[in-house]
Amino acid sequence: MGTGSMEEYVYVGTDIAGWTCSSDQSWCKVRNDEQCVYFRVSPHERYSDREAVVTASFEGKVYAKLTIKQRAKIFFYFEYPDGKAMPVSGGSIKVKVITNSSYWEVIPPIDSWITVTKTDDSTITLTAPAREGSTPREDQTIRISGEDAGSFTITDGGESSNEGYEYDDKPTPWD
């Protein structure tokens, strides 16, 4: 089930009258009639999946159990220091991607001065050539797609933004 509130039902083929069902979690409400189990699931705003077990019973004996799984709210966090810029002299930097999403991809900026690649399941690499001239290049928004979306913006370095940093042609994490 998704992260939002929803109602669903499951048809139960039985000739037993008077059976009941119950849930072991307050976020998963259940009720039944003679033919169906009805589920009402509360919205899920947490960042981890959750489960509820629904039990169908008659006269104290358990006849069936059903596990309801609700997916977590997807988040993306980028370990990218605010205010830092790509080096004017060119080079690469790595940005750590922290997420609970099982699948994501980089959406490369179109007609951009920066190249963005997914290095592995938790890192993207930003690469830019040396800037020509003294005019800073346009800010670029880096977007992520997948189960949900995320983004951050990278700027071109100013004249003094690179003091104290050592950049080269190899991917270098922020210090």
Pro109 and Thr141, any side-chain heavy atoms less than 4.5 Å apart: no
I'd like to know if the side chain of Thr55 reaches the main chain of Lys65, judged simply by a donor and an acceptor atom lying under 3.5 Å from each other, with no hydrogens or angles considered. no
Counting C-beta onward and ignoring hydrogens, is there a side-chain heavy-atom pair between Trp19 and Val12 closer than 4.5 Å? yes
Would you say Ser101's side chain and Tyr103's backbone share a donor-acceptor pair under 3.5 angstrom? yes
Nearest 0.5 Å please: distance from the CD atom of Glu79 over to the OH atom of Tyr77. 6.0 Å
Locate the shortest heavy-atom distance separating Thr123 from Trp104; write the atom from each residue and the value. O-CH2, 4.1 Å
From the list Ile107, Val106, Val116, side-chain contact (heavy atoms from CB on, under 4.5 Å) partner of Ile144 resolves to Val106
Do Asp121 and Lys118 have side chains that get closer than 4.5 Å, going by heavy atoms? yes
Using the ring of Tyr63 (Phe, Tyr or Trp, six-membered ring only), decide whether Lys61 places NZ or CZ under 6.0 Å from its centre and within 45 degrees of its axis. yes
Compare every heavy atom of Glu34 with every heavy atom of Ile16, then report the nearest pair and how far apart it is. O-OE1, 3.8 Å
Using side-chain heavy atoms (C-beta onward) and a distance below 4.5 Å, is Phe76 in contact with Asn100? no
From Trp27 atom CH2 to Arg40 atom CZ, the distance as rounded to the nearest 0.5 Å: 14.5 Å
Output all residues satisfying side chain to side chain donor-acceptor pair (under 3.5 Å) with Thr127, sequence neighbours left out; order by chain, then residue number. Ser92
Do Phe58 and Val54 belong to the same hydrophobic cluster, where Ile, Leu, Val, Met, Phe, Trp and Tyr are linked whenever their side-chain heavy atoms lie under 4.5 Å apart, directly or via other members? yes
Does some side-chain heavy atom of Arg131 sit less than 4.5 Å from a side-chain heavy atom of Pro136? yes
Measure from the side-chain N and O atoms of Gln70 to the backbone N and O of Ala52, and report whether any donor-acceptor pair falls under 3.5 Å. no
Flag, side chain of Trp113 to backbone of Glu138, donor-acceptor distance under 3.5 Å: yes
When every non-hydrogen atom of Asn32 is compared with those of Thr20, the smallest separation belongs to OD1-CA, 3.6 Å
Is there a side-chain contact between Cys21 and Val30 (heavy atoms, below 4.5 Å)? yes
On a heavy-atom basis, which atom in Phe39 and which in Cys28 lie closest, and how many Å separate them? CD2-SG, 4.3 Å
Quick one: which of Lys94, Gln140, Met86 gives a side-chain contact (heavy atoms from CB on, under 4.5 Å) with Leu126? Met86
When every non-hydrogen atom of Phe78 is compared with those of Val95, the smallest separation belongs to CB-CG1, 4.1 Å
